[in-house]
Number of protein chains: 2
Amino acid sequence: MNLPIGELARRTGVKVPTIRFYEQIGLIAAPPRTEGNQRRYGKAEIDRLNFIRHARELGFEVDHIRELLVMSQEPQASCHQADSIAKSHLREVDRRIERLQALRGELSRMIDECGHGRICDCRIIEVLADHRQCSSEHVA
Amino acid sequence: MNLPIGELARRTGVKVPTIRFYEQIGLIAAPPRTEGNQRRYGKAEIDRLNFIRHARELGFEVDHIRELLVMSQEPQASCHQADSIAKSHLREVDRRIERLQALRGELSRMIDECGHGRICDCRIIEVLADHRQCSSEHVA
DNA sequence: GCTAGAATCTCTAGCCACTAGAGGATCAAG
DNA sequence: CTTGATCCTCTAGTGGCTAGAGATTCTAGC
């Protein structure tokens, strides 16, 4: 267990520059270096990076991950805070789904109504423009 | 019709700095100025900004909006391209909804299973950590 | 004409979470 | 001892804005 950064990346699915970035923003600690100044990691970093990756995949923000990481280090503390972070994130996800679904509806209505003819008859452009007329004066 | 930027902002719901930003990236043209170097807008800019705002609200990227704007200026052209932009955007929205719903499922499962006890029993932390044990050795 | 305050101007920098690339050093295998 | 993969630091870019400094201009009332 004295992994160079590339090996850590391979084992955690977090890219090399991202690992260095996480070190820079203090999400992971600066590891020991070789004589030639290269980073070497141990088992703890694999766990920590996996934790971070999972949380990121679930859409948690870095600041929330920071808190979750602190908590995970205090196994005897109450998990109330973790619960509340997760719940507020769930609400946020719900809001996003709702907005995307409304948007989806509008988009697909637009597309359905498009007659595949000229721009001036196109519902897509029309919806975006809100009020746009297709006067026959422009017709060749 | 010789609107200062603030009035244009009020009428379109696009914020003043955002209007200047759109000018900078070439989404709208640089308008004429007063002697004192202040921007003055006409009706066309209201329409164009409304178009842009609607498209942004529907989640279209600026580059796509650029194309849609060009199309909207050519009323006799085929709307095939607008259709395909909208359709690919719809697919993208569908993908996002799908991902968010999977994520939502995982999150709410996590939260449901949280016993609201100690961190070491907490499903939330556990799921993130993937493999973490709550050994009684740590218990006070 | 004068003044006050709102609105405008330009410019730089910051947000989030990375990603890309330059230019050079180090490592491991043969 | 060489080769080629990996590593290093540093800067800058992504998208779509947003914030703030510090200066100027506009407009309404007197």
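Here is the naming used below: chain letters follow the sequence lines, and residue numbers restart at 1 for every chain. Remember, predicted model here, so these are calculated numbers, not experimental data.
Counted within 6.0 Å of CD on B:Gln101, heavy atoms from surrounding residues, nucleotides or ligands total more than 12; the atom is thus considered enclosed. Within 6.0 Å of CD on B:Glu92 lie more than 12 heavy atoms contributed by other residues, nucleotides or ligands.
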Practice prompt. Given side chain to side chain contact (heavy atoms under 4.5 Å, CB included), test B:Ile125 with A:Phe51 step by step and report yes or no.
Written response: CA-CA 9 Å; B:Ile125 299 295; A:Phe51 187 104; 4.1 Å; yes

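You'll find that the side chain of A:Pro17 is closest to C:dT19, out of D:dC7, C:dT19, D:dC17. When each of D:dC17, C:dA17, C:dT19 is scored by its nearest atom to the side-chain atoms of B:Thr18, the top-ranked nucleotide is D:dC17.
Regarding B:Ile52, its CD1 atom lies at a distance of 16 Å from the P atom of D:dG15, rounded to whole Å. Atom-to-atom, CD of A:Glu23 to C1' of D:dC7 comes out at 13 Å; the value is rounded to the nearest Å. Remark: C1' of D:dG16 and CD of B:Glu61 are 11 Å apart, rounded to the nearest angstrom. Counting to the nearest Å, the C1' atom of C:dA7 and the CD atom of B:Glu7 are 12 Å from each other. Remark: P of D:dG15 and CZ of B:Arg56 are 11 Å apart, rounded to the nearest angstrom. Rounded to an integer number of Å, the gap from CZ of B:Phe21 to P of D:dA19 is 14 Å. Rounded to an integer number of Å, the gap from A:Lys15 NZ to C:dG21 C1' is 15 Å. Here C:dC18 presents its P atom at 12 Å from CD1 of A:Ile19, a figure rounded to the nearest Å.
A residue-by-residue look at B:Ile5 and B:Gln24 shows that B:Ile5 has its nearest nucleotide of DNA chain C further toward the 5' end.
For the pair B:Glu23 and B:Pro31, the tightest heavy-atom approach, listed with the atom from each and the gap, is OE1-CD, 3.4 Å.
Shown for residues 28-43 of chain B: residues whose heavy atoms fall under 4.0 angstrom of DNA chain C, namely B:Arg33, B:Asn37, B:Gln38, B:Arg39.
The pair B:Asp112-B:Arg109 does not meet the salt-bridge criterion, since no charged nitrogen lies less than 4.0 angstrom from a carboxylate oxygen. The pair B:Glu7-B:Arg11 counts as a salt bridge, with a side-chain nitrogen and a carboxylate oxygen less than 4.0 angstrom apart.
Within the 4.0 Å cut-off from OP1 or OP2 of D:dT9, not a single side-chain nitrogen or oxygen of A:Arg20 is found.
Across all strands shown, B:Tyr22 has heavy atoms under 4.0 Å from sugar-phosphate atoms exclusively, and none from any base.
Residues B:Arg39 and B:Tyr41 have side chains in contact (heavy-atom distance under 4.5 Å, counting atoms from C-beta outward).
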